[in-house]
A.B. asks: 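Here it is: the structure, laid out below.
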Amino acid sequence: MLEISFIRQNVDLVRAAIANKRLDVNLDDLLEADKERRDAMGKLEAVRARKNEIASIIPKASKEERPALIEEGKAVKTQLEQLEPGMAAIAKRYEDLMLRIPSIPRPEVPVGKGEEDNVEIRKVGTKREFAFKPKDHVELMTALKMVNWDGPRQFAGGRSYALTGLGALLEMAVTRLAVDTLVERGLNPVLPPVLVRERAMTGTGFFPLGREEAYNIGADDLFLVGTSEVPLVSLHADQVLDAKDLPIRYAGISNCFRREAGAAGKDTRGLYRVHQFTKVEQVVFCVPDEAVAEEEHYKLLGNAEAILAKLEIPYRVAIACTGEIGLGQTRKHEVESWMPSREAYSETHSCSTLGDFQARRSNIRVRLADGSTAFAYTLNNTAVASPRILIPLLENHQNEDGSIYVPPALRPYLFGREVLRPSEAI
RNA sequence: GGAGGAGUGGCCGAGUGGUCUAAGGCAGCGGUUUUGAAAACCGCCGUGGGGCAACCCACCAGGGGUUCGAAUCCCUUCUCCUCCGCCA
């Protein structure tokens, strides 16, 4: 969410952000609603002022004066009752529009429409040249008995799966490797709730635009989160943080649930795009200072890269163009891991700065050194998301016989195994 | 799930229908004093909105109601505490 006075004073900037982020909200509607709201508020407040005035005069008035004042008070009350529903409707329209106004992308973000306009920053590691025909993760995992495909798709629906045996251990291994790496780097691990109220979804910017993407537990008015960013940011909703305690850095570990509503029929093979997955997510709260936020942003990116290095996965880093960054994001880097079966670098991590966009919606403030308050800045980045990360891990580390090389960093979490072999599958 | 109690500014806390325009304390900010710091003293000090300004409006967990007037009374939702029940 942006500040309305900022929007009024920077109409062109906001208009450009809407166009560049390819959103369809109409800024003129908002400006009109704002004008209407202020006009209506002026009228309403004048009546309320009179109401308050009468209420304060009555106790001091003589017995003779009172009846007339009470009569006027009643009239004023009737007037208020007539004005208030209109005011509520105007305010509702204004608020609905405000929730759809994006944050302003930072200057370094390239203007563009889609993925093809993202700008590659660097490639790390070298794509492996196979001396044999590499298998994809579906074949590899099936041979290693790492996954049960058919059962879940029958009883739980499309895009469902069950990780079994070494598959289950491997997901826990990459998860634990990521958590341990982050804890060593000063992040505080959190196992948060994944079932949340609407306020948390709106407060973090996923609603109203992403409503179709979330599972709704209708009977209890709760939603399953698509990322632990939602509960982690909400952890400090309605709080005033002390600047001395910042930055706060969390490592959230959770299951994530996504309906993939706009992706019907897309990436249906294997474990690339699924409805439920496990993710370790980094979330940071810092003071509202662009330089500090930038430093934190690159630290988060560095943490993700350190994990990929331990997993020995080749990847590239790109800065996402305006058309590819979300409503609240002011800057986003994607980390894309090399996936041999897709013959492409595909997204496994997403590192974002949101400025005070989420903090305004969630009412997260900071008390600064001079005693004043301001909205905090928030940032987040994936550390590891599984099973998607298993795709580059298994495909890049496969041997001709279908066995899998285990990078040393992962071995302590896999009973010391250096190789996973189909013949030893559990 | 049942019964009872509670929710007031960054924090603690007073306030049971009318100068509440929310006491007081702590914390914070500015100053005096000091070699420096602490202490003491003086001043400032909730958030948001409207207005050039004087000033006005809203907010006492959320929503609704009663009243000329609500932090205060009523209904409802949420959260916390105590006890009981059920359950991992």
Side-chain angles (χ1 to χ4, degrees), chain A residues 1-9 30-99 101 191-203 207 217-223 231 234-246 248 285 287-288 356-376:
Chain A
M1 192 142 66
L2 297 181
E3 199 173 1
I4 186 63
S5 60
F6 174 89
I7 297 173
R8 285 198 291 258
Q9 288 158 23
L30 174 69
L31 294 171
E32 186 192 294
D34 175 45
K35 173 94 171 60
E36 213 181 326
R37 180 185 66 104
R38 282 190 290 167
D39 289 348
M41 205 151 60
K43 286 177 196 154
L44 185 64
E45 284 183 0
V47 179
R48 280 184 182 155
R50 181 58 187 159
K51 177 190 95 163
N52 291 342
E53 197 183 359
I54 293 167
S56 71
I57 295 171
I58 288 178
K60 289 177 274 186
S62 67
K63 271 205 156 53
E64 295 72 35
E65 293 167 330
R66 284 194 185 199
L69 285 166
I70 288 174
E71 278 315 304
E72 189 186 348
K74 284 182 181 173
V76 168
K77 186 184 174 182
T78 307
Q79 233 181 314
L80 276 177
E81 280 164 358
Q82 283 163 355
L83 287 172
E84 276 165 352
M87 182 69 224
I90 290 166
K92 176 82 168 67
R93 180 166 116 89
Y94 164 80
E95 282 153 20
D96 286 347
L97 287 163
M98 279 295 276
L99 288 176
I101 301 296
L191 289 159
V194 293
L195 207 46
V196 302
R197 296 217 177 104
E198 180 161 353
R199 167 87 205 284
M201 300 299 276
T202 305
F207 280 11
I217 311 298
D220 294 288
D221 247 347
L222 295 169
F223 297 87
S234 300
L235 230 36
H236 294 292
D238 297 317
Q239 291 185 6
V240 180
L241 305 169
D242 194 317
K244 288 196 288 287
D245 299 330
L246 297 179
I248 292 171
F285 300 81
V287 292
D356 63 9
F357 187 85
Q358 289 181 322
R360 277 182 191 283
R361 291 178 168 230
S362 295
N363 189 28
I364 301 168
R365 290 171 292 156
V366 188
R367 188 162 304 278
L368 301 170
D370 66 358
S372 67
T373 56
F375 289 106

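All values below come from the heavy atoms of this structure, side chains included, with hydrogens, waters and symmetry mates left out.
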A.B. asks: For B/rG1, which nucleotide is its Watson-Crick or G-U wobble mate, given both distances must be under 3.5 Å?
C.D. replies: B/rC84

A.B. asks: Between B/rU72 and B/rG15, how far apart are the P atoms? Round to whole Å, please.
C.D. replies: 15 Å

A.B. asks: In whole Å, what separates the P atom of B/rC29 from that of B/rC84?
C.D. replies: 47 Å

A.B. asks: Write down the distance between CZ (A/Arg367) and P (B/rC26), rounded to a whole number of angstrom.
C.D. replies: 17 Å

A.B. asks: Indicate yes or no: does A/Asp96 engage A/Arg93 in a salt bridge with an N to O separation below 4.0 Å.
C.D. replies: no

A.B. asks: Which comes earlier along RNA chain B counting from the 5' end, the contact point of A/Lys60 or that of A/Lys244, where each point is its nearest nucleotide?
C.D. replies: A/Lys60

A.B. asks: Please give, in whole Å, the distance from B/rU66 C1' to A/Glu81 CD?
C.D. replies: 11 Å

A.B. asks: Looking at the side chain of A/Arg197, which of B/rG10, B/rU79, B/rU47 is the nearest nucleotide?
C.D. replies: B/rU79

A.B. asks: For A/Met1 and B/rG48, what is the distance between atoms CE and P respectively, to the nearest whole Å?
C.D. replies: 12 Å

A.B. asks: Please report the distance, rounded to the nearest Å, between NZ in A/Lys63 and C1' in B/rC68.
C.D. replies: 16 Å

A.B. asks: Going by purine N1 to pyrimidine N3 plus the second Watson-Crick contact, or the G-U wobble pair, all under 3.5 Å, which nucleotide sits opposite B/rA58?
C.D. replies: B/rU47

A.B. asks: Given atom NE2 of A/His236 and atom P of B/rG10, what is their separation to the nearest angstrom?
C.D. replies: 17 Å

A.B. asks: Side chain of A/Ser234, backbone of A/Ala237: donor and acceptor closer than 3.5 Å?
C.D. replies: no

A.B. asks: Looking only at heavy atoms, which two atoms of A/Ala40 and A/Met87 are closest? And how far apart?
C.D. replies: CB-SD, 3.8 Å

A.B. asks: Could you give the distance separating B/rG9 and B/rA27 at their C1' atoms, to the nearest angstrom?
C.D. replies: 13 Å

A.B. asks: If pairing requires Watson-Crick or G-U wobble contacts with both distances under 3.5 Å, which nucleotide is the partner of B/rU79?
C.D. replies: B/rA6

A.B. asks: Which nucleotide, in any strand shown, forms a Watson-Crick or G-U wobble pair with B/rC11, with both distances under 3.5 Å?
C.D. replies: B/rG25

A.B. asks: Using purine N1 to pyrimidine N3 plus N6-O4 or O6-N4 for Watson-Crick, or N1-O2 and O6-N3 for G-U wobble, both under 3.5 Å, which nucleotide pairs with B/rU67?
C.D. replies: none

A.B. asks: Have a look at A/Ser62 and tell me which of A/Glu65, A/Lys60, A/Arg66 forms a side chain to side chain donor-acceptor pair (under 3.5 Å) with it.
C.D. replies: A/Glu65

A.B. asks: B/rA27 P sits how many Å from A/Asp245 CG, rounded?
C.D. replies: 17 Å

A.B. asks: What is the per-nucleotide protein-contact pattern of nucleotides 51-64 of chain B, from the 5' end, where B denotes a base atom under 4.0 Å from a protein heavy atom, S denotes such proximity for sugar-phosphate atoms only, and - denotes neither?
C.D. replies: S----BBS------

A.B. asks: Does the structure show a Watson-Crick or G-U wobble partner for B/rG30, both distances under 3.5 Å? Name it, or say none.
C.D. replies: B/rC42

A.B. asks: Rounding to an integer number of angstrom, what distance separates B/rA54 and B/rG63 when you compare their P atoms?
C.D. replies: 30 Å

A.B. asks: From CD of A/Glu72 over to C1' of B/rU67, roughly how many Å is that when rounded to an integer?
C.D. replies: 16 Å

A.B. asks: By the 4.0 Å heavy-atom rule, please label A/Ala75 as base, sugar-phosphate, or nothing.
C.D. replies: nothing

A.B. asks: Distance-only, no hydrogens or angles: does the A/Arg365 side chain make a donor-acceptor pair with backbone N or O of A/Ala359 under 3.5 Å?
C.D. replies: no

A.B. asks: I'd like the C1' distance from B/rA61 over to B/rA6, given in whole Å.
C.D. replies: 11 Å

A.B. asks: How is A/Arg365 classified with respect to the nucleic acid when contacts are heavy atoms under 4.0 Å: base, sugar-phosphate, or nothing?
C.D. replies: sugar-phosphate

A.B. asks: Quick one, A/Ile54 and A/Ile70 - any side-chain contact, counting heavy atoms below 4.5 Å?
C.D. replies: no

A.B. asks: Using a heavy-atom cut-off of under 4.0 Å over every strand shown, decide if A/Ile58 touches base, sugar-phosphate, or nothing.
C.D. replies: base

A.B. asks: Distance between the P atoms of B/rC74 and B/rG7, in whole angstroms?
C.D. replies: 13 Å

A.B. asks: If you take all heavy atoms of A/Ser362 and A/Arg199, which pair is closest and at what distance?
C.D. replies: O-NH2, 3.2 Å

A.B. asks: Mind checking if A/Lys74 touches a base, just sugar-phosphate, or nothing, with heavy atoms under 4.0 Å?
C.D. replies: sugar-phosphate

A.B. asks: Tell me which of A/Glu71 and A/Met41 sits closer to the 5' end of RNA chain B, going by the nucleotide each one is nearest to.
C.D. replies: A/Met41

A.B. asks: Taking atom P in both B/rU16 and B/rC73, compute the distance separating them and give it to the nearest angstrom.
C.D. replies: 9 Å

A.B. asks: Separation of A/Asp370 atom CG from B/rC45 atom P, in whole Å?
C.D. replies: 15 Å

A.B. asks: List the steps and the verdict of side-chain contact (heavy atoms from CB on, under 4.5 Å) for A/Met98 and A/Ile7.
C.D. replies: CA-CA 10 Å; A/Met98 279 295 276; A/Ile7 297 173; 3.8 Å; yes

A.B. asks: Just by modelled atom types, is the A/Thr202 backbone N or O under 3.5 Å from a matching donor or acceptor in the A/Arg361 side chain?
C.D. replies: yes

A.B. asks: Pick the P atom in B/rC26 and in B/rG36, then give their distance to the nearest Å.
C.D. replies: 26 Å

